[in-house]
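Below is one structure, written out as structure tokens; comments come after it.
These numbers come from the heavy atoms of this one structure, side chains and all, not from hydrogens, waters or symmetry mates. This chain uses plain numbering: 1 for the first residue, then up along the sequence.
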Amino acid sequence: MDNVIVGFLERNLFDVKDNINVAITDAEQDSYCITAENGTLYVKANNYISACMGIYDYLKKYCGVQLSWCGNRAINITELTMFDGVFSREIEQKFRVYMNYCTLDYSMCWWDFSRWEKEIDFMAMNGINMPLAVIGSEAVLYETLLEYGFSEREALDSISGPAFWAWQLMTNIEGYIPPKDKSYVYRRAELGKKILERYIEFGMQPIQQGFSGHVPMLFKSKFPDAKILEQRGWCGFPKTAQLDPLDTLFLDFGKSYLNNLERIFGNYHYLACDPFHEGTPPKRWSWYLKAVGKTINHMYESFDSNSVWVMQTWSMRKHIVKAVPKERLLLLDINSEKTLSNKNLWGYPVVAGMLHNFGGKNAMQGKLKLHCSNRYLKLKSNGANVVGTGMFMEGIEQNPVIYDLQLELLTSSKQIDCSQWLDDYMKRRYGKYSETLRKAWDILLETCYSSSHDYQENEVGSALAARPQLMPIRTGPCCYTKIYYDTKLFEKAVSLFKSVSDEFGESDGYQYDLCDLVRQALSNRFYTNQSDFADAYSRKDIEALKILSEKQLNLLQDMDRFLANRSEFSLSRWIEDSHRLAGDEQEKKYFDFNARTLITLWGDVYGENMLYDYSWREWSGLIGEFYFVRWKMFYDEVISQLEKGRHVDVLCTADFVKRKNYIKSDFGKRLNDFENKWINTYSEYPYPSDKNVVSDAQMLIKKWDIGA
């Protein structure tokens with residue numbers, strides 16, 4: 001066996017690596033064929049990805065393995081299970097695409113190469129062969145700007161910080177929280193090179209960042225004769241500059257950018273860009289949009305005749321798409337909705353995608369049975385030119401059941417029987433099947449994982465993570481606090497989970513899920529208690545308000561302490577990972593500020609930003625240091641004002657645009673002062689470890705009468 005497979009086995013299956021024999025064949029179809037004899041597994045596959053996927057499929061089927069970001073984060077087996085006959089499979093989907101731009105920041109921005117190495121192995125095991133590859137692309141823009149007369153400082157000031165670079169690549173912002181030193185840019189490039197090298201070793205097809213015309217606003221003064229459109233500010237951020245693709249400077253700058261991309265990272269032919277993404281073209285006429293499509297295609301083709309333009313359907317324009325030859329464009333339908341609503345995308349090759357999570361928030365939610373219907377199959381059956389599948393979630397490390405299913409769907413050409421699949425998942429997740437746990441899961445399928453309730457998977461919010469109001473309507477701008485299921489029924493599932501703790505307490509998957517269930521039950525309880533608080537306020541019942549506010553604050557403190565048992569629910573992991581990635585003490589503080597800002601205010605809310613709390617997380621540390629303080633300030637204010645015979649003047653609206661008005665009230669300004677102080681507070685934390693959650697879970701279930 002060669003070094004790629006040997007390295008993969010040593011990293012993931014060290015105890016049995018000598019009992020796995022892999023041979024790569026010359027077959028064209030992605031496939032594997034596995035047999036077992038005398039304690040040894042024999043794997044034949046057409047490439048490394050197929051081999052790794054075959055090994056993991058075998059481990060799931062015959063060894064009961066479940067690998068996840070949330071519990072069960074490593075494979076722990078000491079012997080291989082033998083079986084009779086042949087275990088084989090062909091994979092129909094040509095492309096299995098992975099990552100949204102947002103994933104890179106909401107979940108991955110503090111990863112070092114050792115963490116990326118684990119993820120790339122995980123990709124291979126799940127058959128992913130087309131990952132996004134834009135880490136380190138800051139260096140490409142930086143060096144291109146230097147060529148065009150920017151000083152080093154001007155070029156650095158045009159680059160957004162590590163927690164926000166994804167949105168600059170999507171053309172939404174520029175130069176937000178820019179780096180202080182060019183060493184940052186080149187360290188990111190070195191990390192990006194290592195990631196790319198590992199992709200290529202496995203035989204993956206990376207998607208690199210192309211050029212769509214998004215340039216620094218400083219271009220307007222440096223090139224006054226160029227046609228540059230000032231795009232309206234995205235979500236209240238400052239205006240950005242769009243170089244008109246029909247201006248001669250567009251091709252000139254774009255070719256320089258692509259040449260620098262090839263020089264720094266190499267050229268792997270698939271180049272992503274989304275013209276006018278969530279923005280406005282300078283002209284909307286069909287002839288103009290066709291010309292834009294032809295110009296960008298010409299730029300890519302003249303750079304590399306084998307290049308393929310990769311475009312999201314999220315904000316595509318039909319006339320741009322149809323100006324490009326079909327063989328030169330790959331469309332990513334990131335939520336599998338645009339294909340059916342746009343005449344199967346006019347026959348262009350498309351990837352059927354899944355978009356489950358906005359912002360990396362961690363509410364238990366997802367339409368499990370609906371996912372089992374298989375969106376790839378639906379688009380294909382409808383006549384679309386579907387060439388692959390993709391996972392385009394904005395954040396990972398939450399809702400492990402949804403992602404275990406979605407990873408299986410990447411290479412599935414059939415509908416999945418949800419009940420049968422769930423039985424298998426439970427065995428792998430917890431080590432064995434349990435009727436009690438199955439009853440609990442049946443309840444979860446009726447409640448948080450229901451496919452019948454009227455809710456959007458990306459819009460499930462949290463009352464406790466919302467800016468305090470009498471009864472919050474929204475958390476972030478894209479999610480609602482209202483609970484769409486019977487919380488008492490949900491609590492019965494929590495009680496059932498708790499009842500088997502003696503039997504399953506050693507299972508890491510069980511430990512995580514029990515922790516998550518208790519977290520969600522307490523979060524739901526906060527919502528219902530807050531409704532009671534709003535009712536008491538309407539009655540001007542000050543004593544009831546004092547009792548309820550104390551109950552709510554006590555609940556937040558309990559949640560904060562409890563979630564510290566699992567590193568997946570820990571602010572300290574997020575912050576300390578950012579510190580570990582930094583090159584020096586100054587950069588630690590810079591990364592710390594980035595990390596805190598992203599998951600709270602997102603942007604400068606003294607201005608016009610509307611994205612605060614978009615990336616909320618019910619995490620230990622964040623609850624105690626941030627959400628608890630906000631709610632205590634609010635409860636104190638409400639009771640104090642009511643005692644004076646006054647009302648509380650704070651915003652309560654479902655309107656996305658009006659969210660920015662929150663800080664126009666006196667209380668809103670004081671709250672915002674605290675929030676800004678918190679994101680500017682640098683702290684060192686102990687790195688979290690995992691502890692047994694059972695006793696604390698039992699205590700909280702009893703204390704709060706969960707499932708009673």
Side-chain angles (χ1 to χ4, degrees), residues 101-102 105 137-138 141-142 144-145 148-151 153-179 209-250 253-254 257 273-285 288-289 292 295-296 312 314-317 320 476-478 594 597-598 601-612 614 655-664 672 676:
Y101 284 97
C102 304
D105 279 344
S137 52
E138 295 96 331
L141 177 62
Y142 177 75
T144 308
L145 291 176
Y148 280 76
F150 279 61
S151 69
R153 188 65 260 162
E154 288 172 336
L156 285 173
D157 285 343
S158 301
I159 292 170
S160 295
F164 300 92
W165 178 241
W167 290 274
Q168 183 153 341
L169 293 176
M170 290 185 282
T171 76
N172 294 332
I173 60 176
E174 71 150 282
Y176 182 61
I177 317 181
Q209 184 62 35
F211 177 69
S212 66
H214 184 53
V215 292
M217 190 65 76
L218 194 55
F219 252 62
K220 287 179 66 67
S221 58
K222 288 187 176 290
F223 302 97
D225 295 330
K227 295 178 182 177
I228 297 174
L229 170 71
E230 286 191 12
Q231 292 277 16
R232 58 180 174 78
W234 172 79
C235 293
F237 277 81
K239 292 180 179 180
T240 55
Q242 169 69 42
L243 178 58
D244 191 329
L246 303 193
D247 191 286
T248 56
L249 184 59
F250 178 91
F253 186 86
Y257 175 94
C273 82
D274 300 290
F276 319 116
H277 175 76
E278 296 187 357
T280 306
K283 303 178 184 69
R284 301 190 184 190
W285 301 320
Y288 174 79
L289 296 175
V292 168
T295 299
I296 295 177
Q312 296 181 46
W314 187 257
S315 54
M316 68 178 182
R317 273 83 179 174
I320 293 178
C478 297
N594 269 261
T597 301
L598 180 67
L601 296 188
W602 217 106
D604 175 16
V605 293
Y606 281 117
E608 296 296 308
N609 169 56
M610 297 170 280
L611 291 178
Y612 63 83
Y614 181 97
D655 190 307
F656 171 82
V657 175
K658 292 180 180 178
R659 283 168 50 80
K660 63 188 179 184
N661 295 333
Y662 188 100
I663 61 171
K664 292 183 179 179
N672 188 233
N676 275 279

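- Pairing each heavy atom of E230 with each of K239, the nearest pair is OE1-CD, 3.4 Å.
- Remark: T248 OG1 to K227 NZ distance equals 9.0 Å, nearest 0.5 Å.
- Considering every non-hydrogen atom in both T295 and P245, the closest pair reads CG2-O, 3.2 Å.
- Partners of F276 under the ring pair (Phe, Tyr, Trp, His ring centres under 6.0 Å) rule, at least two apart in sequence or in another chain, do not exist in this structure.
- Under a 3.5 Å cut-off, the side chain of Y288 and the backbone N or O of L246 do not form any donor-acceptor pair.
- Taking CD1 from I228 and OG1 from T240, the interatomic distance works out to 11.5 Å, rounded to the nearest 0.5 Å.
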Step by step, work out the side-chain contact (heavy atoms from CB on, under 4.5 Å) result for N172 and F164. CA-CA 10 Å; N172 294 332; F164 300 92; over 6 Å; no
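- Using cut-offs of 30° and 60° on the angle between ring planes, the pair F237 and Y176 is perpendicular.
- Residues M170 and W234 form no side-chain contact, since every pair of their non-hydrogen atoms from C-beta on lies 4.5 Å or further apart.
- The neighbour count for K658 NZ, taken as heavy atoms of other residues, nucleotides or ligands under 6.0 Å away, does not exceed 12.
- Between Q209 and Y257, the side chains place no donor N or O within less than 3.5 Å of an acceptor N or O (distance only, hydrogens not considered).
- With rounding to the nearest 0.5 Å, the separation of SG in C235 from CZ in F656 is 4.0 Å.
- How far CG of D225 is from CG of L249: 10.5 Å, rounded to the nearest 0.5 Å.
- The one candidate from E138, E174, Q168 that meets the side-chain hydrogen bond (donor to acceptor under 3.5 Å, both in side chains) condition with S160 is Q168.
- Taking 4.5 Å as the limit, some side-chain heavy atom of D157 sits within range of a side-chain heavy atom of R153.
- Considering OG of S315 and CD of E278, their distance stands at 6.0 Å, rounded to 0.5 Å.
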Let me see the working for L229 and D244 under side-chain contact (heavy atoms from CB on, under 4.5 Å), right down to the final yes or no. CA-CA 7 Å; L229 170 71; D244 191 329; over 6 Å; no
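- Shown here for Q242 and H214, the closest heavy-atom pair between the two residues is OE1-N, 4.0 Å.
- Put simply, the side chain of D105 reaches to within 4.5 Å of the side chain of W167, judged on heavy atoms.
- Residues S137 and W165 bring a donor and an acceptor atom of their side chains to less than 3.5 Å of each other.
- Note that the CH2 atom of W314 and the CG atom of D274 stand 11.5 Å from one another [nearest 0.5 Å].
- Surrounding CZ of R284 are at most 12 heavy atoms belonging to other residues, nucleotides or ligands under 6.0 Å away.
- Remark: the backbone N or O of T280 is not paired with any side-chain donor or acceptor of R232 at under 3.5 angstrom.
- Within 6.0 Å of the NZ atom in K283, the count of heavy atoms belonging to other residues, nucleotides or ligands exceeds 12.
- Distance alone, capped at 3.5 Å, places no donor-acceptor pair between the K220 side chain and the A241 backbone.
- With contacts defined as side-chain heavy-atom distances shorter than 4.5 Å, the pair T144/F150 does not qualify.
- Between L156 and P178, the closest side-chain pair of non-hydrogen atoms is not below 4.5 Å.
- A side-chain donor from one of N661 and K664 sits under 3.5 Å from a side-chain acceptor of the other.
- Side-chain contact between R317 and P281: present, with at least one pair of heavy atoms (C-beta onward) separated by less than 4.5 Å.
- Side-chain contact check for Y142 versus I159: some heavy-atom pair is nearer than 4.5 Å.
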Evaluate side-chain contact (heavy atoms from CB on, under 4.5 Å) for S158 paired with L218, printing each intermediate quantity in order. CA-CA 9 Å; S158 301; L218 194 55; 5.5 Å; no
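- The closest side-chain heavy-atom distance from Y148 to V215 is not below 4.5 Å.
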Could you walk me through whether F211 and C273 pass the side-chain contact (heavy atoms from CB on, under 4.5 Å) test, one step at a time? CA-CA 6 Å; F211 177 69; C273 82; over 6 Å; no
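- For the pair V657 and D655, the tightest heavy-atom approach, listed with the atom from each and the gap, is N-OD1, 2.8 Å.
- What you find for N594 and A163 is that their closest heavy atoms are OD1-N, 3.4 Å.
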